[in-house]
There are 2 protein chains.
Amino acid sequence: MNPEAKVPAFPEAAAVAESGPAHSVDRILAVAYELFSTRGVRDVGVNELIERSGVAKATFYRHFPSKDSLVFAFLEQRDKQWTMDGILSEARRRGSTPQEQLLAIFDVFGDWFRREDFEACSFVRVMLEMGPAHPLGKASIDYLAKIRGHVRAVAEEAGLVRPEEFARSLLILMKGSVIQAVEGDTLAADRARQMAVWLIGHHSG
Amino acid sequence: MNPEAKVPAFPEAAAVAESGPAHSVDRILAVAYELFSTRGVRDVGVNELIERSGVAKATFYRHFPSKDSLVFAFLEQRDKQWTMDGILSEARRRGSTPQEQLLAIFDVFGDWFRREDFEACSFVRVMLEMGPAHPLGKASIDYLAKIRGHVRAVAEEAGLVRPEEFARSLLILMKGSVIQAVEGDTLAADRARQMAVWLIGHHSG
DNA sequence: ACAGGTGGGAAGACCGGTCTGTCTTCCCCC
DNA sequence: GGGGGAAGACAGACCGGTCTTCCCACCTGT
């Protein structure tokens, strides 16, 4: 029927457009992670995601029934690979005691704030972009609560009194320093760390 | 020409749709303030602003050459009427000494967090929505810096040492408590206030 | 080993809706 | 009669999402 058929295009080149993972779903997730984490959720459209990951639109919607479902997957990935592996595990590695591990969170933050691709915490950002009542906002709140649970567990290991209240106060310092770092205060992590020292002191026995 | 002319509609009713100010520009600003402060900037379109303020589209664009220019006007109004009159003046009124005035910020925050129409700080929200490089993001950063300047001035009145560093630390507590309040922690202001007490203590002489 | 079927993926047209912003038309009031 | 404003059509871009068309790689039966 078609006299010139479909041009073979790039049987390989297009497939590895991002030189990333071979499978479509992995490439979509990798592109989504990069775009969502640096530019937010509302600013990135499905068409751009498709183009950048070198995937057909039908393929995208076979793996993810809607854009929101991709955002859910992104938040989960962000929790695993950024919160857990990037921040909390690293902080545990750097400190030899639970107290030191709590303070090391802000050392890791300091390194993070000085990265040039630093662009704020995705959970806070999505929560504010979508609102706390939106399913994606609620999911973000859940992931933030998960972080708080982790902090609380370390606080209990450290023998701090009222660990839940401690964790909530420490998260105020964490969130506040992130926001301030977005504004350009690269020393925000040090200021928060100092306040964390006082906070730990008042929860010790 | 038109056999039925244009229906007189509501020569008065529509004009006072929001039962607000009589002049178009004031009605637009009042509607914009309510919608932007509760739902953010990206979620509110020009058509909705026009409909809610009972104004013609041409009238809107005569007063504001673009939506962004209206957002600029909103940020300025937010600074005057929320930051200055709502928070900082009220905090100064509640405290009899500069130290008390600094702590009173968090008392005012506590009342604010418990309002049911509480929806986060517009400056932080716009900065994250648009990004710190966007003109609106930069303007938001400027207004946040203005708040910091005010805090610094009160810190100087209180005779605190290193007032700039103090102000930056206090703003971490302010921003962090606001974010945490969005998540539903209504006691965030009290936690931040306690940390502010320690912060003041370490900057006193 | 080879023909034929089959299903996944790429490309992209298309749909209805929404976005910002322009322009026209008409009316009312000064 | 002239200017401001209300109403709203319109333009052009983009949104999320559906669907069609074609191609190719792999699997199966003989």
Side-chain angles (χ1 to χ4, degrees), chain A residues 1-18 20-28 31-32 35-36 39-72 74 129-130 134-136, chain B residues 1-18 21-28 31-32 35-36 39-72 129-130 134-136:
Chain A
M1 286 288 175
N2 194 330
E4 356 196 356
K6 275 297 164 84
V7 55
F10 328 85
E12 283 303 309
V16 290
E18 294 287 330
H23 298 348
S24 316
V25 57
D26 297 323
R27 256 182 298 141
I28 295 171
V31 170
L35 296 184
F36 286 157
R39 284 169 41 199
V41 161
R42 298 186 84 138
D43 199 47
V44 180
V46 172
N47 290 321
E48 185 177 359
L49 288 162
I50 285 173
E51 191 184 351
R52 297 274 288 256
S53 51
V55 123
K57 214 163 192 181
T59 305
F60 176 94
Y61 279 102
R62 192 174 312 116
H63 292 301
F64 303 97
S66 68
K67 180 190 170 183
D68 278 6
S69 75
L70 174 64
V71 181
F72 278 117
F74 157 69
E129 272 187 331
M130 312 303 293
H134 188 284
L136 288 171
Chain B
M1 285 286 176
N2 194 331
E4 357 195 355
K6 274 299 166 80
V7 53
F10 329 84
E12 282 302 308
V16 291
E18 294 288 328
H23 299 347
S24 316
V25 58
D26 298 323
R27 257 181 298 142
I28 294 171
V31 170
L35 296 185
F36 286 158
R39 283 170 39 199
V41 160
R42 298 187 82 137
D43 199 47
V44 180
V46 172
N47 290 324
E48 184 176 359
L49 288 162
I50 285 172
E51 191 184 350
R52 295 275 288 255
S53 51
V55 124
K57 212 163 194 180
T59 305
F60 176 94
Y61 278 102
R62 191 174 313 117
H63 291 302
F64 302 97
S66 68
K67 180 189 170 184
D68 278 7
S69 75
L70 174 64
V71 180
F72 278 117
E129 272 186 332
M130 313 303 292
H134 188 284
L136 288 170

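Given the structure is predicted, the values throughout are model-derived calculations rather than measurements.
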Using whole Å, report how far [atom1] of [X] lies from [atom2] of [N].
| X | N | atom1 | atom2 | answer |
| --- | --- | --- | --- | --- |
| D26(B) | dG5(D) | CG | P | 12 Å |
| H23(A) | dA25(D) | NE2 | P | 16 Å |
| H63(B) | dG5(D) | NE2 | C1' | 9 Å |
| R52(A) | dA10(C) | CZ | C1' | 19 Å |
| I28(A) | dG8(C) | CD1 | P | 15 Å |
| D43(A) | dC19(C) | CG | P | 16 Å |
| E51(B) | dA9(D) | CD | P | 13 Å |
| E129(B) | dC19(C) | CD | P | 14 Å |

ask   = Can you name the nearest heavy-atom pair linking S69(B) to F64(B), along with the distance?
value = OG-CB, 3.4 Å
query = Can you check side chain to side chain contact (heavy atoms under 4.5 Å, CB included) on R27(A) and R52(A), steps first, answer last?
reply = CA-CA 9 Å; R27(A) 256 182 298 141; R52(A) 297 274 288 256; over 6 Å; no
Side chain to side chain, L49(A) and I28(A), heavy atoms closer than 4.5 Å = no
key: Pairing residues for I50(A) by the side-chain contact (heavy atoms from CB on, under 4.5 Å) criterion, not counting sequence neighbours   = V46(A), K57(A), F60(A)
query = side-chain contact (heavy atoms from CB on, under 4.5 Å) with F36(A): which of V31(A), V41(A), D43(A)?
reply = V41(A)
Show me the protein contacts with nucleotides 16-20 of chain D, counting only N or O atoms at under 3.5 Å.
| residue | atom | partner | partner atom | Å |
| --- | --- | --- | --- | --- |
| dG16(D) | OP1 | K67(A) | NZ | 3.0 |
| dG16(D) | OP2 | V46(A) | N | 2.7 |
| dG17(D) | OP2 | Y61(A) | OH | 3.3 |
| dG17(D) | OP2 | K67(A) | N | 2.7 |
| dG17(D) | N7 | K57(A) | NZ | 3.0 |
| dG17(D) | O6 | K57(A) | NZ | 2.3 |

task = Please lay out, stage by stage, how H23(B) and H63(B) fare under the test side chain to side chain contact (heavy atoms under 4.5 Å, CB included).
result = CA-CA 11 Å; H23(B) 299 347; H63(B) 291 302; over 6 Å; no
task = Please determine if a side-chain N or O atom of R62(B) lies less than 4.0 Å away from the OP1 or OP2 oxygen of dG5(D).
result = yes
